[in-house]
Novice: 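Below is a structure I'd like to ask you about.
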Amino acid sequence: VVNKISITNSPSSHRAMTDEDFKKFTSYHPINKNEEFAYDMFFISFGLAGMNTADLISLKNKNIDNTKLEFIREKTKNRTEKRNVIQLDIPHKVYSLINKYASLCPDSPEEYIFPFFTNEMSEKQRLRKRKDVNKRINKYLKEICNKLGIEPVTTYWARHTIATKLYNTGQTSSVISKLLGHSSTKTTDNYLGQLGLTKKKEVETNISSFLADLDVT
């Protein structure tokens, strides 16, 4: 059984960037490739409703159809029931960022889009690589934040920050929980589609507005 998302309590503001820090961070221009990579991956995660690193670098070509994204969270993929299917429209700026690092090839649906995993790698090797990538991103995110004089962030802050910003625009905790792909005993059967086209468009507009000042090159 594949369920399509759930509800938890109200989103936590813990580990979320303040509006002031977020504005500084958004306006930053990375000075080298390492910073650029960390910065871009943070905003890819943010723009995909807080997708965590494990899910992000595990994406395959089959998960993306033009600007439509559908995937099952890594933490639930081996369950026989209550697997969370996340369905998102990829914001234009985020799609541009993905294309900087990904090899999108619809004719190879089982190939990973980012150059970190191969199908020949063992689960142990993927876990090690995932930790290495996450560590690398966090290292340079910290360096950026130190330069800006703001509280250091990690990849996980993207998740909390998008949740908090959506909550502050009036989105309900149930909508945000569905976006984050949380699971609990209090679940709904359907994901974003159940919210209706109006609510879906509203969320997409919110996320795009948060990314408006991001200078994607």
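Bear in mind that the values here come from a model prediction, so they are computed numbers and not experimental data.
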Novice: Show the nearest heavy-atom pair for residues R159 and G50, with the distance to one decimal.
Specialist: NH1-O, 2.7 Å
Novice: Who pairs with K129 by salt bridge (Lys or Arg N to Asp or Glu O under 4.0 Å), at least two apart in sequence or on another chain?
Specialist: none
Novice: Quick check with a 6.0 Å cut-off and a 45 degree axis cone: is R136 positioned over the face of F37's six-membered ring?
Specialist: yes
Novice: Looking at K100 and E36, does any basic side-chain N land under 4.0 Å from a carboxylate oxygen?
Specialist: yes
Novice: Answer yes or no: is there a side-chain heavy-atom contact under 4.5 Å between L59 and M51?
Specialist: yes
Novice: For K62 and E110, run salt bridge (charged side-chain N to carboxylate O under 4.0 Å, His left out): C-alpha distance rounded to whole Å, both residues' side-chain angles, the deciding distance at 0.1 Å, then the answer.
Specialist: CA-CA 6 Å; K62 66 181 179 181; E110 293 299 327; 3.3 Å; yes
Novice: For K139, look at atom NZ and say whether over 12 heavy atoms of other residues, nucleotides or ligands are found less than 6.0 Å away.
Specialist: no
Novice: Using only atom types and a distance under 3.5 Å, with no angle test, would you say the side chain of R130 pairs donor to acceptor with the backbone of T53?
Specialist: no
Novice: Are the aromatic rings of F25 and F43 close, with centres under 6.0 Å apart?
Specialist: yes
Novice: How would you list, by chain and number, every residue that makes a salt bridge (Lys or Arg N to Asp or Glu O under 4.0 Å) with K165, sequence neighbours excluded?
Specialist: D19
Novice: So, Y101 versus D40: side-chain donor-acceptor pair below 3.5 Å or not?
Specialist: yes
Novice: Under a 3.5 Å threshold, yes or no: a donor from one side chain and an acceptor from the other, between N119 and K60?
Specialist: yes
Novice: Could you tell me if the side chain of K147 sits less than 4.5 Å from the side chain of Y28, heavy atoms only?
Specialist: yes
Novice: For T155 and N134, test the side chains for any donor-to-acceptor distance below 3.5 angstrom and give the result as yes or no.
Specialist: yes
Novice: Going through the distances and angles, do L214 and F46 end up as a side chain to side chain contact (heavy atoms under 4.5 Å, CB included)?
Specialist: CA-CA 12 Å; L214 191 62; F46 178 89; over 6 Å; no
Novice: Are E123 and R128 ion-paired here, with the side-chain N under 4.0 Å from a carboxylate O?
Specialist: no
Novice: Can you list every ring pair (Phe, Tyr, Trp, His ring centres under 6.0 Å) pair that touches residues 117-152, not counting sequence neighbours?
Specialist: Y112-F117
Novice: Do L104 and L88 share a hydrophobic cluster, counting only Ile, Leu, Val, Met, Phe, Trp and Tyr and linking them when any side-chain heavy atoms are less than 4.5 Å apart?
Specialist: yes
